[in-house]
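Here's the structure, in structure tokens; my notes come after.
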Amino acid sequence: MKKLENYISGSWVTGDGDGQALYDAVNGEAIYSATTKGLDFASVLDYGRRVGNPALRKLTFHERGRMLRALAQYLMGRKEEFYALSYHSGATRADSWIDIEGGIGNLFANASLRRKFPDLPYCTDGEAIGLSKGGTFMGHHILVPKEGVALHINAYNFPIWGMLEKCAVNWLAGMPAVVKPASITSYLTEAVVRAIIESGILPEGALQLLCGSAGDLLEHVTAQDVVTFTGSKSTGLLLKSNRRILEESVSFNMEADSLNCIVLAPDVKPGSPEWELFIKETRKEITVKAGQKCTAIRRIFAPDDVLEDVYIALGKALSQTPIGSPRNEKVRMGALASLGQREEVRNNAQKLLATAQLVYGSLDSVELLDADGEKGAFLSPLLLLESDPFRNEAVHDIECFGPVSTVMPYKDLDEAVRLAKRGKGSLCCSIVTADNKIATEFVVGAATHHGRILVLNQECAKESTGHGSPLPLLVHGGPGRAGGGEEMGGVRGVKHYLQRTAIQGSPTTITAITQVYQPNAQGIDPGKHPFRKYYEELQVGDQIVTGKRVITPEDIDAFADLSGDHFYAHIRETDFTGTMFERQVAHGYFIMSAAAGLFVDGSDLGPVLLNYGIDELRFTKPVYPGAELTIRFTCKEKVPQDQREATDIPKGIVKWLVEMLDETGEHVGIATILTMVKRKDA
Ligand code: NAP
């Protein structure tokens, strides 16, 4: 029995004593032991803050994103090692795919998310706020990485995904992590951490690992740390109410257990395509990972007139799920993670059976392929029927963290919504319906109690990611019972590791800090036309004011003919009585085009490669013939681009603020345009 090591303060260290024995879920053999006894937890957190944090926080979002991509590619190259080890946890290859490649997928997704952030170690949040009439005082918000560590206390069911889905986010944000996986499957987390450290891709201190008890870890956290917890409600409550967490105002995110449901909508009848989808999805969510998924379907609601058809069809589908050794390729459902977990599931199922009846499966026996039901933690899928879900509360309260689910009747959609909410807050739920009116009514009614809702029908089924899959760019978490937390969810998830601070000052100061040009800030004389500068040479704030162009009626007529846009406002002969205009008015797109005619410099080849589009464009005042158009043209923001192929031209995106002014100096239009600009260091 090998003792797992802890990776702390830059080295692999074994804890004292024999530790907790960890068993193979399939044959019951003791394979590892885990202990953190004797480790100095205060110094672990301190090392992360002192060494890992400064190394990560000085990198830009783009550098961190590229680091994540490199790590994801490296781990993909070693994935077979993890698959081989994962069989010990009772998981089939398909189950392990979620844990291993799903986890690595989070690194890839967060790597790509860097494009939503500037090439700086910090970023802005939301919109600039004008605070003065004269335009010399304004406000904004910035987000900077917290100075502590992200401490992740994870559940046993996804030892790899559980680490990577969280670390991908804190690393992109610029914070180091200390990971404390649940002990019983911590050998998988340890294997991946070993690979990560061997890759040398992360800066020192960015990741530490504790395999075994959390000891007095929480006694050493500070306000600059972030603690995340995934696990049972009871442990979560204990940790969330820890005195130190409360006293220090430590950010605490909790993902606890959840009684997720699926609703078969009243429009779906036996034999219809949606009916088949419902049966397939429900079976999958009961049996994948032997039901040890926080998002698994625990409650099934069906119209009372098809209730019997539902449990008969589900029972039949479940009977076609081969169970046994996950190494046998025919097997579709493996073992629970430990004999202890099986015992807990059986006990909880017994509690539900006080009012419910068993309509499929057995608590005591199961037919197995290549496995011994005494030694391994196998359990038959169990389908229960609870006929009175409004009176009997247990089914909405007790989570059987295994292949157990309960079918229940409802009379109308309103009842279905009320029953879905009886879970007191869930991670996710699904409704299967081909009727978008029903979908809307259900979603709007049930959303308050759910973190995510899937509407499943024929149109999306083929490409649907399924009821049970949390996705890196969508929120994972749920209100109330589900812990009240939120993780992943794209850009917003990253913000959980950043401090939001309001900043106030002059537009010029705010431009300097945010590296985004703010209207009314002082411009910089670029020395030459900014289209003659390479990407590296351009400075945010580089500004020119162009010469004038007088807009004539002939211009407007010609633009109408050329574009084919003969809208009444652009026609000289129109009777303008009762309209919003006095007389023939220039097309907004003509003004934008005429603006380009004024600010573009590029008759011979220069660093500007092409026009990439417009982010925003507003026409703020009608332009009548005789108006004199001038453009204030300012370098607003620079966004780096990766060179994908060696043959690609090295370049970046430059955003320009185009202020279209008339002879009175008033804005007639404003736009942010984008160009691709060559780098000098080709
Ligand atoms: P658990 O028993 O609550 O343990 C969760 C984690 O907390 C483990 O790492 C555990 O470490 C640690 N822990 C336990 N007592 C602690 C203490 N006093 N101080 C510090 N840490 C402590 O949950 P589990 O059995 O591993 O996981 C199953 C549960 O997790 C289910 O209820 C499931 O619904 C939930 N879950 C939720 C999500 C979600 O995203 N919402 C995802 C997966 C699972 P040890 O293992 O060393 O005791």
Side-chain angles (χ1 to χ4, degrees), residues 4 6 15 19-22 32-37 41 89 98-99 102-103 151-163 165-166 178-189 209-221 227-242 244-245 252-260 289-298 336-338 340-345 348 397-402 404 423 425-428 450-452 468-471 475-489:
L4 294 176
N6 304 282
Q20 178 185 343
L22 314 182
Y32 296 100
S33 72
T35 167
T36 55
K37 207 166 159 195
F41 290 116
S89 71
I98 308 170
D99 196 28
L151 170 61
H152 303 307
I153 300 177
N154 288 342
Y156 75 84
N157 56 337
F158 287 114
I160 301 173
W161 178 87
M163 166 172 66
E165 57 107 359
K166 291 176 181 168
V178 173
V179 177
K180 204 283 278 181
S183 297
I184 61 170
T185 50
S186 54
Y187 50 90
L188 275 159
T189 321
L209 171 73
L210 297 166
C211 296
S213 159
D216 67 349
L217 248 181
L218 289 187
E219 297 310 315
H220 307 288
V221 293
V227 177
T228 76
F229 168 80
T230 303
S232 61
K233 184 181 161 194
S234 52
T235 314
L237 198 61
L238 185 78
L239 304 192
K240 195 178 183 175
S241 55
N242 174 287
R244 178 87 182 176
I245 298 269
F252 186 91
N253 191 76
M254 175 162 153
E255 300 282 335
D257 46 45
S258 165
L259 288 143
N260 319 292
K289 201 71 191 166
Q292 300 165 107
K293 268 192 347 183
C294 53
T295 51
I297 291 171
R298 310 284 176 212
L336 298 180
S338 70
Q341 289 298 327
R342 180 173 70 179
E343 210 38 44
E344 204 174 315
V345 175
N348 281 340
D397 222 20
I398 297 171
E399 183 199 42
C400 294
F401 205 61
V404 186
S426 306
L427 293 172
C428 58
H450 294 88
R452 179 167 61 84
S469 302
L471 298 170
V475 157
H476 176 57
R481 165 86 192 229
E486 228 189 55
E487 56 188 37
M488 305 202 284

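Just so you know, ligand 1 is whichever comes first in the structure, and atom 1 is the first atom listed for that ligand. In what follows, every heavy atom counts, from backbone to side chain, and hydrogens, waters and symmetry copies are set aside.
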Side chain, backbone, both or neither: which part of T295 comes within less than 4.0 Å of ligand 1 when only heavy atoms are counted? neither
protein heavy-atom neighbour closest to atom 38 (C) of ligand 1 works out as C294 CB, 2.9 Å
I'd like the name of whichever of G477, G231, A182 reaches closest to atom 35 (C) of ligand 1 through any heavy atom. G231
From the candidates F229, Y156, W161, the one that places a heavy atom nearest atom 26 (O) of ligand 1: Y156
Would you call the rings of H476 and W161 parallel, tilted or perpendicular, where under 30° means parallel and over 60° means perpendicular? perpendicular
Just to verify, what does T35 make a side chain to side chain contact (heavy atoms under 4.5 Å, CB included) with, not counting sequence neighbours? K3, K37
If we only count N/O pairs under 3.5 Å, is S232 in contact with ligand 1? yes
Just heavy atoms, cut-off under 4.0 Å: does N157 contact ligand 1 by side chain, backbone, both, or neither? side chain
Answer side chain, backbone, both or neither: which part of P181 comes under 4.0 Å from ligand 1, heavy atoms only. backbone
heavy-atom search around atom 45 (P) of ligand 1 in the protein gives K180 NZ, 3.4 Å
Measuring from atom 5 (C) of ligand 1, which candidate in I153, N260, T230, T235 has the nearest non-hydrogen atom? T230
Any non-hydrogen protein atom less than 4.0 Å away from atom 11 (O) of ligand 1: yes
State whether the shortest distance between N or O atoms of E399 and N or O atoms of ligand 1 falls below 3.5 angstrom. yes
May I ask you to identify, for F158, whether its side chain, its backbone, both or neither come under 4.0 Å of ligand 1 on a heavy-atom basis? neither
Taking only residues two or more places apart in sequence, or in another chain, which ones meet D397 in a side chain to side chain contact (heavy atoms under 4.5 Å, CB included)? K424, R481
Identify the closest protein heavy atom to atom 33 (C) of ligand 1: which residue and atom is it, and at what distance? F401 CE1, 3.1 Å
Roughly how far, to the nearest 0.5 Å, is the OG1 atom of T185 from the CG atom of N157? 7.5 Å
Select one of side chain, backbone, both or neither to describe which atoms of Q292 lie under 4.0 Å from any atom of ligand 1, heavy atoms only. neither
Atoms of ligand 1 under 4.0 Å from any heavy atom of E255, numbered from 1 in the order shown, are 37 (C), 39 (C), 40 (O), 41 (N)
May I ask you to identify the nearest protein heavy atom to atom 40 (O) of ligand 1, giving residue, atom name and distance to one decimal place in Å? H476 NE2, 2.9 Å
4.5 Å side-chain heavy-atom contact, R298 and S426: no
Option nearest atom 21 (N) of ligand 1 (shortest heavy-atom distance, choices G215, A214, P470, A155): A214
Should the proximity of L238 to ligand 1, defined as any heavy atom under 4.0 Å, be assigned to the side chain, the backbone, both, or neither? side chain
Would Q20 count as a polar contact of ligand 1, with the cut-off being nitrogen or oxygen pairs under 3.5 Å? no
Hey, which atoms in ligand 1 end up nearer than 4.0 Å to a heavy atom of L427? 39 (C), 41 (N)
Within reach of ligand 1, part of N154 (heavy-atom separation under 4.0 Å): backbone
Region of A482 that comes within reach of ligand 1 [heavy atoms, distance under 4.0 Å]: neither
How close does the nearest protein non-hydrogen atom get to atom 17 (C) of ligand 1, and which residue and atom is it? L239 CD2, 3.8 Å
